[in-house]
Amino acid sequence: MKIAVIGTGYVGLVTGTCFAETGNQVTCVDIDANKVARLQKGEIPIYEPGLDVLFDRNIAEDRLKFTTNLVEGIQDAEVIFLALPTPPGEDGSADLKYILGVANDLGPILQNYAVIIDKSTVPVGTAEKVHAAIAANATVDFDVVSNPEFLREGVAVEDFMKPDRVVVGTTSDRAKKVMEKLYAPLVRQGNPVIFMDERSAEMTKYAANSFLALKITFMNEIANLCEKVGANVDDIRRGIGTDSRIGKRFLFAGIGYGGSCFPKDVQALAKTSADYGYDFRTLRSVMAVNDDQKKKLLPVVSDYFEGDLKGKTIAVWGLAFKPYTDDIREAPALENIKALLDAGANVTVYDPEAMDNVKKLIPGITYCHTAYAALDDADALMIFTEWPQFRTPDFEKMSKLLKEKVIFDGRNLYELDTMREHGFTYYSIGREVVNGVSQLA
């Protein structure tokens, strides 16, 4: 099939590259001439494991192209994906100006029937708005379909190529046949393509992300209560995660969720609820708890240093909102670093992928080439991202580099007994505090 993808951000680039991998001719369109030039040279502007292999192969085999010219990009396309930003406005609503702007542009240049697909996460009713914007100037038939993405950063290629389900919102039989043909190579193992109306598909994406955010937030509140009653949140996670009604995923306690999806989508669903006169109380609680959870370790650090962080050097491991990505949107590390700087502390940081992105936002800290370099002569370590290389460090080396053997762990990476054995003072989430007395002979 001939496919056009408008927008080469995270979703657009993964979508275009993966559909090219299934044998389609894909043209990606973006107004950013510099980005398009880089893509044409074979440079990927995001970090996503496995994407580079597919990207290089499909460019080499001439199935994946990039352009700034919308007319050229959609020429003869049977399917046109809209993978454009929907940033949150001040009131939490999703801003549709980019999507509706492209919809207005598409109307007069469509030359043949095409299925226009909203791939971006959009509020209920957006498909109707897109249809109206295109129809105002269109001279050919077309359909607008809602097809939300469910990609997890860090495993997006696998998620796309082997989806556990595909949600398609359309009431058009003609569009349904196109979508069945499009996704057939990706669901050969029998995973469902679920058809529904456009509004239900739009709501499905928000409902899924908001429910997962709720799960995370519930466990964080359980962790906070564990600290008061003397229970261990890891044991509780295992105890409830084996219940098939609950499931074991998204039950890890920590310092809150971040990224490009959960914060934005929870806000947008809450705003949609308010627009329709419904008070979605659980969502308001989720947002409030998560905001507090991100900063949970700050008073603990302050108390440890008796309220005076001036001149203290705090090492930070992890800047991205999760491992296997360079995405720092809504990352808990950023708020914490800024607060440490405001308190007069010096900050040294290491992240395998996200440091270049943070340098643009926070210049006044020391960026290190290794995790251990960040620890050199630091007064304490704070951990914000659960990168695998942080899970099994050389604790003896850490002991020699740190001024004080104290760790504030926002991702519960280490077993409490391990911390006791190595004599660290160790603060984590929802578990007892380990006071630094070594048990090693």
Side-chain angles (χ1 to χ4, degrees), residues 254-255 296-320 322-324 326 328 331-359 362-429 431-441:
I255 49 170
K296 178 179 173 60
L297 287 176
L298 287 172
V300 180
V301 175
S302 180
D303 287 347
Y304 180 85
F305 289 106
E306 299 180 342
D308 186 9
L309 287 171
K310 291 180 181 178
K312 299 295 183 183
T313 297
I314 308 298
V316 167
W317 281 3
L319 297 172
K322 63 180 287 188
Y324 302 108
D326 61 353
I328 59 169
L334 304 188
E335 284 189 52
N336 283 270
I337 290 171
K338 290 175 182 176
L340 291 171
L341 293 174
D342 288 343
N346 303 308
V347 179
T348 60
V349 305
Y350 173 75
D351 186 285
E353 296 295 337
M355 289 196 291
D356 285 345
N357 291 337
V358 177
K359 285 176 183 177
I362 310 177
I365 58 180
T366 301
Y367 295 88
C368 300
H369 63 287
T370 68
Y372 295 116
L375 300 182
D376 192 13
D377 214 28
D379 293 282
L381 167 64
M382 298 185 75
I383 302 174
F384 296 115
T385 313
E386 60 273 35
W387 284 98
Q389 54 264 59
F390 300 158
R391 291 185 178 276
T392 54
D394 184 336
F395 290 113
E396 291 304 312
K397 187 173 184 178
M398 292 172 67
S399 299
K400 294 175 182 177
L401 291 170
L402 286 165
K403 283 183 183 177
E404 297 189 44
K405 294 172 62 174
V406 57
I407 300 173
F408 302 91
D409 183 358
R411 297 301 178 189
N412 288 6
L413 294 191
Y414 308 128
E415 295 295 329
L416 301 182
D417 285 344
T418 301
M419 294 290 94
R420 291 190 187 97
E421 289 171 4
H422 289 278
F424 279 88
T425 297
Y426 181 66
Y427 298 85
S428 54
I429 308 297
R431 305 186 295 180
E432 68 176 285
V433 176
V434 173
N435 293 312
V437 179
S438 177
Q439 296 179 0
L440 291 175

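The chain is numbered in sequence order, starting from 1.
A heavy-atom distance below 4.5 Å is not found between the side chains of Lys312 and Val301. Residues Asn336 and Phe408 are not in side-chain contact: their nearest non-hydrogen atoms beyond the backbone lie 4.5 Å or more apart. Put simply, the side chain of Ile255 reaches to within 4.5 Å of the side chain of Leu297, judged on heavy atoms. At a threshold of 4.5 Å between non-hydrogen side-chain atoms, the residues Pro332 and Arg411 count as touching. Contact annotation: the side chain of Met419 never approaches that of Asp409 to less than 4.5 Å [non-hydrogen atoms, C-beta and beyond]. Between Ile383 and Ile407, some side-chain heavy-atom pair lies under the 4.5 Å cut-off. In this structure the side chain of Pro393 reaches within 4.5 angstrom of the side chain of Trp317, judged on heavy atoms. The closest side-chain heavy-atom distance from Tyr367 to Asp356 is not below 4.5 Å.
The side-chain contact (heavy atoms from CB on, under 4.5 Å) test with Thr385 is passed by exactly one of Val316, Leu319, Ile328, Asp351: Asp351.
Going from atom CG of Asp342 over to atom CD1 of Ile337 covers 12.0 Å, rounded to the nearest 0.5 Å. Distance check, rounded to the nearest 0.5 Å: NZ of Lys296 to CG of Leu298 gives 11.5 Å. For the atom pair CD (Glu432) and OH (Tyr426), the distance works out to 11.5 Å, reported to the nearest 0.5 Å. Rounding to the nearest 0.5 angstrom, the gap separating the NZ atom in Lys403 from the CG atom in Leu375 is 13.0 Å.
The heavy-atom pair separating Leu413 from Arg431 by the smallest distance is N-NH2, 4.5 Å. Among all heavy-atom pairs drawn from Tyr350 and Cys368, the shortest one is CD1-O, 3.3 Å. Across Lys405 and Ser399, no two heavy atoms sit closer than the pair CE-OG, 3.2 Å. Of all non-hydrogen atoms in Val349 and Val347, the two that sit nearest each other are CG1-CG1, 3.6 Å. The minimum heavy-atom distance linking Trp387 with Gly318 is given by the pair CD1-CA, 4.4 Å. Nearest approach of Asn412 to Ser428, heavy atoms of both residues: OD1-CB, 3.1 Å.
Residue Lys400 places its NZ atom among 12 or fewer non-hydrogen atoms of other residues, nucleotides or ligands, all under 6.0 Å distant. Residue-environment remark: CD (Gln389) exceeds the threshold of 12 foreign heavy atoms within 6.0 Å. Counting non-hydrogen atoms of other residues, nucleotides and ligands closer than 6.0 Å to CZ of Phe390 gives a total above 12.
Taking the six-membered ring wherever Trp is involved, the centroid distance between the rings of Phe424 and Tyr414 does not fall below 6.0 Å.
Remark: the backbone N or O of Ala374 is paired with a side-chain donor or acceptor of Thr348 at under 3.5 angstrom. With hydrogens and angles ignored, the 3.5 Å screen pairs a side-chain donor or acceptor of Asp379 with a backbone N or O of Thr313. For Asp326 (side chain) and Glu353 (main-chain N/O), no donor-acceptor pair under 3.5 Å exists by modelled atom type.
Phe395 and His422 have tilted rings, their planes meeting at an angle from 30° to 60° on a 0 to 90° scale.
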